[in-house]
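Heavy-atom basis, side chains included; hydrogens, waters and symmetry copies ignored.
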Amino acid sequence: MHVPSKCRVCREPAIIDLPRHNANFCAEHFLELCRRQVTKAIEQWKLLDHDDRILVAVSGGKDSLAVWDLLIELGYRADGLYVGLGIGDYSDVSADHARAFARSRDLHLIEISLRGEYGYDIPTAAKATRRVPCSACGLSKRHLFDKAAIDGGYTALVTGHNLDDEAAVLLGNTLRWEIDYLARQLPLLPARDGFPKKVKPLVRLTERETAAWCVVRGIDYLVDECPMAVGNKHLHHKATLNAIEAESPGSKASFYLNFVERMAPLLAGRLADDREALGTCAECGAPTSGEVCAFCRLVTIASAHE
């Protein structure tokens with residue numbers, strides 16, 4: 001006969017087991033755990049102040065909606081930013097989820113359309129550049145997130161990167177010893193000319209935990225993976241880490257958090273050198289290491305392909 005697990009805190013029936021914490025939690029105490037983990041991240045790395053004007057990059061998925069919801073719960077002021085990537089029905093559905101969440105909480109959502117404002121979409125850019133779609137997608141989002149934050153007078157740009165995301169990226173960068181990328185893989189990148197402060201408050205929560213937050217909070221989110229991400233190495237790195245985690249719970253947290261604590265400080269000089277090397281894009285004014293930034297080059301190539 002199955003005996004329901006009990007919440008570690010109150011001994012009521014649990015809704016979730018978290019092997020890395022060696023504990024089970026009821027809904028109330030699971031939400032409390034999530035708030036506590038996000039608060040700990042914010043305080044540990046001095047990510048945000050309550051005076052910050054926050055812009056949350058929103059995709060309609062669990063992580064971005066969870067971090068927006070958590071920040072509002074914790075008393076921060078935060079608007080959302082949705083970028084329409086033009087990936088068929090996937091983009092249409094993701095936009096619907098982002099809008100529905102904003103309406104349900106009476107929050108402000110800014111929307112940008114790649115097709116409407118820059119004359120291309122991600123499928124077109126992928127064909128024009130003959131590179132994997134994730135390359136054009138990541139480049140476009142980074143540029144537009146930064147621009148919207150700077151133009152809107154926001155003091156912090158928040159993304160929904162969770163522990164699984166960060167550990168997978170760390171694994172990929174470590175396998176290739178991408179020192180410059182490793183130097184930038186931090187929960188906080190301070191503001192500098194042309195760039196807003198960039199913050200990842202969810203790095204102490206796993207993908208499963210952010211999904212559970214949304215379920216318990218009644219947040220309807222886009223479940224499907226992007227159809228253009230098939231074959232992305234990032235997904236393979238996640239699967240590898242999931243296999244390790246299944247055998248040794250807590251491995252992902254140790255891998256990433258120990259990197260931030262012990263290794264990242266040794267790379268701080270590399271990050272400083274990289275930041276001193278940037279100039280200004282001749283076309284849009286964004287920071288760049290060349291005469292014209294990668295985003296403006298992408299717009300030119302993709303538009304010519306139409």
Intermediate values then yes/no, side chain to side chain contact (heavy atoms under 4.5 Å, CB included), Glu73 and Trp213: CA-CA 12 Å; Glu73 276 256 300; Trp213 171 275; 3.9 Å; yes
For residues Ile15 and Ala27, report the shortest heavy-atom separation together with the two atoms involved. CD1-CA, 3.5 Å
Could you tell me whether Glu291 atom CD has more than 12 heavy atoms of other residues or ligands within 6.0 Å of it? no
Measure across Pro265 and Glu261 and return the closest heavy-atom pair with its distance rounded to 0.1 Å. CG-O, 3.4 Å
Check side-chain hydrogen bond (donor to acceptor under 3.5 Å, both in side chains) between Asp151 and all other residues, then give those that pass, not counting sequence neighbours. Lys147
What heavy-atom pair brings Cys226 and Ile87 nearest, and what distance separates the two atoms? SG-CD1, 3.9 Å
Please round to the nearest 0.5 Å and tell me the distance separating atom NZ of Lys62 and atom CG of Leu222. 9.5 Å
Pair Arg142, Phe145 - check side chain to side chain contact (heavy atoms under 4.5 Å, CB included), show working. CA-CA 5 Å; Arg142 286 191 298 273; Phe145 291 166; 5.7 Å; no
Is there a chain of hydrophobic side chains (I, L, V, M, F, W, Y, each step under 4.5 Å between heavy atoms) that links Leu175 to Leu241? yes
Per the side-chain hydrogen bond (donor to acceptor under 3.5 Å, both in side chains) rule, which among Ser91, Ser59, Ser94 passes with Tyr82? Ser94
In Å and rounded to the nearest 0.5 Å, what is the CG to CD1 distance from Asn173 to Ile179? 9.5 Å
Nearest heavy-atom contact between Ala78 and Leu107 is O-CD2, 4.3 Å
Do Ile150 and Leu144 land in one hydrophobic cluster if side-chain heavy atoms of ILVMFWY residues count as linked below 4.5 Å? no
Got a sec, which residues hit ring pair (Phe, Tyr, Trp, His ring centres under 6.0 Å) with His143, two or more places apart in sequence or on another chain? Phe295
When you measure from the side chain of Asn258 to the backbone N and O of Ser254, does any donor-acceptor pair fall under 3.5 Å? yes
Nearest-0.5 Å distance that lies between atom CG in Leu33 and atom CG in Leu18: 6.5 Å
Under 4.0 Å between a Lys/Arg side-chain N and an Asp/Glu carboxylate O for Lys252 and Glu166? no
Between Lys197 (side chain) and Leu47 (backbone), is there a donor-acceptor pair under 3.5 Å? yes
How far does SG of Cys134 sit from NZ of Lys233, to the nearest 0.5 angstrom? 12.0 Å
Evaluate the side-chain proximity of Leu298 to Tyr120: yes if any heavy-atom separation is below 4.5 Å, no if none is. yes
Should Arg20 and Glu245 count as an ion pair when the cut-off is N to O under 4.0 Å? no
Closer than 4.0 angstrom, basic N to acidic O: yes or no for Lys6 and Glu12? no
Could you tell me whether the side chain of Ile54 reaches within less than 4.5 Å of the side chain of Asp79, counting heavy atoms only? no
For a 4.5 angstrom cut-off between non-hydrogen side-chain atoms, does Met228 reach Cys137? no
Indicate yes or no: at least one non-hydrogen side-chain atom of His161 is less than 4.5 angstrom from one of Asp63. no
Is Ile72 reachable from Leu70 through a run of I, L, V, M, F, W or Y residues, each pair having side-chain heavy atoms under 4.5 Å apart? yes
Thinking salt bridges, do Asp164 and Lys238 make one under a 4.0 Å N-O criterion? no
Is it the case that Ser64 and Tyr221 place a side-chain donor and acceptor less than 3.5 Å from each other? no
Distance from Tyr256 atom OH to Leu171 atom CG, nearest 0.5 Å? 14.0 Å
Side-chain (Arg53) to main-chain (Gly152) donor-acceptor, under 3.5 angstrom: yes
More than 12 heavy atoms of other residues, nucleotides or ligands under 6.0 Å from CD of Glu225: is that the case? no
Determine, stepwise, if the pair Arg77 / Asp52 fulfils salt bridge (Lys or Arg N to Asp or Glu O under 4.0 Å). CA-CA 7 Å; Arg77 298 177 300 162; Asp52 272 317; over 6 Å; no
Checking Thr39 side chain against Arg36 main chain: does a donor-acceptor pair fall under 3.5 Å? no
Report the C-alpha distance between Asp17 and Arg208 in whole Å, list the side-chain angles of each, state the deciding distance to 0.1 Å, and finish with yes or no for salt bridge (Lys or Arg N to Asp or Glu O under 4.0 Å). CA-CA 11 Å; Asp17 66 303; Arg208 180 167 172 256; 2.9 Å; yes
Contact check, side chains of Leu114 and Ile122, non-hydrogen atoms, under 4.5 Å: yes
Would the distance check show the side chain of Ser135 and the main-chain N or O of Arg131 forming a donor-acceptor pair, the cut-off being under 3.5 Å? no
Thr210 side chain to Glu207 backbone, donor-acceptor under 3.5 Å: yes
Closest contact, heavy atoms only, Val58 versus Ala98: CG1-CB, 3.8 Å
Please tell me if the side chains of Gln185 and Val169 come closer than 4.5 Å, counting only heavy atoms from C-beta onward. yes
Tell me whether Val83 shares a hydrophobic cluster with Val93, the cluster being built from Ile, Leu, Val, Met, Phe, Trp, Tyr side chains joined at under 4.5 Å. yes
Counting only heavy atoms not in Arg35, do more than 12 sit closer than 6.0 Å to its CZ atom? yes
Is there a side-chain hydrogen bond (donor to acceptor under 3.5 Å, both in side chains) between Ser303 and Tyr118 once you walk through the steps? CA-CA 8 Å; Ser303 299; Tyr118 294 93; over 6 Å; no
Checking the side chain of Ser248 only, and the main-chain atoms of Ser251 only, is there a donor and an acceptor separated by less than 3.5 Å? no
Look only at the side chain of His234 and the backbone of Ala168, and say whether a donor-acceptor pair between them is shorter than 3.5 Å. no
Please check if atom CZ in Arg176 has more than 12 non-hydrogen atoms from other residues, nucleotides or ligands closer than 6.0 Å. yes
Take Lys198 and Asp146, measure what salt bridge (Lys or Arg N to Asp or Glu O under 4.0 Å) needs, and give me the verdict at the end. CA-CA 9 Å; Lys198 296 180 181 178; Asp146 289 344; 3.2 Å; yes
Under a single-linkage definition using a 4.5 Å side-chain heavy-atom cutoff for Ile, Leu, Val, Met, Phe, Trp and Tyr, are Val260 and Ile42 assigned to the same hydrophobic cluster? yes
Over all atoms of both residues, closest heavy-atom pair of Thr159 and Pro201: O-CD, 3.8 Å
Does the side chain of Leu202 reach to within under 4.5 Å of the side chain of Leu163, using non-hydrogen atoms? no
Worked verdict on Thr300 versus Val292 for side chain to side chain contact (heavy atoms under 4.5 Å, CB included): CA-CA 11 Å; Thr300 300; Val292 177; over 6 Å; no
Is there a side chain to side chain contact (heavy atoms under 4.5 Å, CB included) between Asp69 and Phe101? Walk through the geometry before answering. CA-CA 9 Å; Asp69 192 45; Phe101 176 83; 3.7 Å; yes
Please report the interatomic distance CD(Glu283) to OG1(Thr288), rounded to the nearest 0.5 Å. 10.5 Å
A side-chain contact here means heavy atoms from C-beta on lying under 4.5 Å apart; do Thr174 and Trp177 qualify? yes
